[in-house]
Amino acid sequence: MNILLINHYAGSNRHGMEYRPYYLAREWVRQGHNVTIAAASYSHLRTENPATEGLIETECIEGITYLWLPTPAYCGNGLHRAFNIFAFLRALTKNKERLIRESMPDAVIASSTYPLDMVVARGIGDRTGARVVYEVHDLWPLTLIELGGMKRWHPFILLMQWAENYAYRHADAVVSMLKCAGLHMQQHGMALDKFVYIPNGVALDEWDVKQAPIPELHGAILDRLRVEKQFIVGFAGSY
């Protein structure tokens, strides 16, 4: 099967997070599928961004074909990040025929956190007959309202709300890491039988290698806290 995964922020083992698209794609490749990831050239999540020099760059990583679409750099969550989002959407739309030609998809997955990429994904699906999957990371625009403090009547929020409703209505399937999000999605137009919960997994083979010991100072502090019967909380990251 040929899979086209659209994820603005997709990373890799070379570029850093986010890692979910990379690990899923790697497993699909190992199962014999062909996977193309369309991603933005710049993301604030990565430790290293690819150099595109204004052109689409193709890179193969562990059998996964990455198409890096040129987008401007930004800092923070303000206007410049919005410019970056719309630059990526413009590049997707402008190069839709190239994406189709190079991936020949049987399945298209829209997975860019924000829901607007589903419009392009649906167009590719209609053009090729591919099944279209909408993968939900965060509940946009609800996250922006509840955590970002944006008003429901803000033009950007209204646009994202339209896109979210469109995505739930027009996806052939909806996948999410949010186990209990089905009711919210149903309230915004999704048929409940479309929903599939797929949490993040663990690459067991990466834990078979010998791990470096923790620094001596950290070990001494942990030993002292255990002797003092202190309650220790560890944070392993969000991805």
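One hydrophobic cluster holds both Leu222 and Leu217 under the rule that ILVMFWY side chains link at heavy-atom gaps under 4.5 Å. Linking Ile, Leu, Val, Met, Phe, Trp and Tyr whenever their side-chain heavy atoms come within less than 4.5 Å leaves Met150 and Leu158 in two separate clusters. Under the 4.5 Å side-chain heavy-atom criterion for grouping Ile, Leu, Val, Met, Phe, Trp and Tyr, Phe83 is not connected to Phe156 through any hydrophobic cluster. Under the 4.5 Å side-chain heavy-atom criterion for Ile, Leu, Val, Met, Phe, Trp and Tyr, Trp153 and Met160 are members of distinct hydrophobic clusters. Leu116 and Leu79 are not part of a single hydrophobic cluster, where members link through side-chain heavy atoms under 4.5 Å apart.
For the residue pair Ala130 and Arg122, the shortest heavy atom distance occurs at O-NH2, 4.1 Å. The nearest pair of heavy atoms linking Gly125 to Val132 is CA-CG2, 3.8 Å. Ile214 and His218 make their closest contact through CD1-C, 4.2 Å (heavy atoms, listed as atom of the first residue, atom of the second, distance). Between Ser111 and Leu5, the shortest heavy-atom distance links the atoms CB-CD1, 4.0 Å. Closest heavy-atom contact between Ile124 and Pro105: CG2-CG, 4.0 Å. The two residues Gly11 and Arg46 make their nearest non-hydrogen contact at CA-NE, 4.1 Å.
Annotation: ring-ring contact (aromatic ring centres under 6.0 Å, His included) contacts of Tyr166 (sequence neighbours excluded): Trp162, His170. For Ile61, the side chain to side chain contact (heavy atoms under 4.5 Å, CB included) criterion is met by Ser12, Asn13, Arg14, His15, Tyr22, Glu59, Tyr66, not counting sequence neighbours. Under the ring-ring contact (aromatic ring centres under 6.0 Å, His included) criterion, His184 pairs with His188, sequence neighbours left out. Every residue meeting the ring-ring contact (aromatic ring centres under 6.0 Å, His included) condition with Tyr42, not counting sequence neighbours, appears here in chain and number order: Tyr74. Remark: Glu228 engages Arg224 in a salt bridge (charged side-chain N to carboxylate O under 4.0 Å, His left out) (not counting sequence neighbours). Every salt bridge (charged side-chain N to carboxylate O under 4.0 Å, His left out) that Glu27 has, sequence neighbours left out, goes to Arg30. Remark: Glu206 engages Arg26 in a salt bridge (charged side-chain N to carboxylate O under 4.0 Å, His left out) (not counting sequence neighbours). Among residues two or more places apart in sequence or in another chain, the side chain to side chain contact (heavy atoms under 4.5 Å, CB included) test is passed with Glu216 by none.
Under a 4.5 Å side-chain heavy-atom cut-off, the cluster of Ile, Leu, Val, Met, Phe, Trp and Tyr residues that includes Met104 has no other member. Alongside Leu55, the hydrophobic cluster contains no other residue (criterion: ILVMFWY side chains under 4.5 Å).
One finds the CG atom of Leu192 at 4.5 Å from the CD atom of Gln186 (value rounded to the nearest 0.5 Å). Rounding to the nearest 0.5 angstrom, the gap separating the CD atom in Glu102 from the CD atom in Glu97 is 12.0 Å. Within the model, atoms CG of Leu144 and CD1 of Ile157 stand 4.5 Å from one another, a figure rounded to the nearest 0.5 Å. Rounding to the nearest 0.5 Å gives a distance of 5.0 Å between CZ of Arg127 and CD1 of Ile100. One finds the CG atom of Leu178 at 6.0 Å from the CE atom of Met185 (value rounded to the nearest 0.5 Å). Note that the OG1 atom of Thr128 and the CG atom of Leu4 stand 8.5 Å from one another [nearest 0.5 Å].
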| Under the side-chain contact (heavy atoms from CB on, under 4.5 Å) criterion, do Met118 and Val108 qualify, and how do the steps go? | CA-CA 9 Å; Met118 253 301 293; Val108 184; over 6 Å; no

| Can you check side-chain contact (heavy atoms from CB on, under 4.5 Å) on Ile145 and His154, steps first, answer last? | CA-CA 10 Å; Ile145 296 169; His154 190 286; over 6 Å; no

| task | Show the numbers, then the answer: is there a side-chain contact (heavy atoms from CB on, under 4.5 Å) between Asn200 and Arg20? | result | CA-CA 7 Å; Asn200 284 326; Arg20 180 178 169 96; 2.9 Å; yes

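For His137 and Tyr9, the ring centers sit 6.0 Å or farther from each other.
Just one residue in the list Asn84, Thr113, Asp117 forms a side-chain hydrogen bond (donor to acceptor under 3.5 Å, both in side chains) with His8, and that residue is Asn84. Checked options Tyr134, Trp140, Phe195; the residue passing with Tyr168 is Tyr134 (criterion: ring pair (Phe, Tyr, Trp, His ring centres under 6.0 Å)).
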Review item, side-chain donor-acceptor pairs of residues 85-96, under 3.5 Å, at least two apart:
unit_1: Thr93; atom_1: OG1; unit_2: Leu89; atom_2: O; d: 2.9
unit_1: Asn95; atom_1: ND2; unit_2: Ala91; atom_2: O; d: 2.8

Give every donor-acceptor pair under 3.5 Å between a side-chain atom in residues 32-39 and any protein atom, sequence neighbours left out.
unit_1: His33; atom_1: ND1; unit_2: Met1; atom_2: N; d: 3.3
unit_1: Asn34; atom_1: ND2; unit_2: Asn2; atom_2: OD1; d: 2.8

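Arg152 places no side-chain N or O within donor-acceptor distance of the main-chain N or O of Leu142, the cut-off being under 3.5 Å. Remark: the backbone N or O of Arg169 is paired with a side-chain donor or acceptor of Lys194 at under 3.5 angstrom. Of the possible polar contacts, none joining the Ser41 side chain to the Pro50 backbone as a donor-acceptor pair under 3.5 Å is found. Between the side chain of Ser176 and the backbone N or O of Val136 there is at least one donor-acceptor pair closer than 3.5 Å.
Counting non-hydrogen atoms of neighbouring residues, nucleotides and ligands closer than 6.0 angstrom, the NE2 atom of His44 exceeds 12 such neighbours.
Looking at heavy atoms from C-beta onward, Glu146 lies out of side-chain contact with Leu139 at the 4.5 angstrom threshold. Residues Glu135 and Ile198 are not in side-chain contact: their nearest non-hydrogen atoms beyond the backbone lie 4.5 Å or more apart. Counting heavy atoms from C-beta outward, Asp223 and Val227 have side chains that stay 4.5 Å or more apart.
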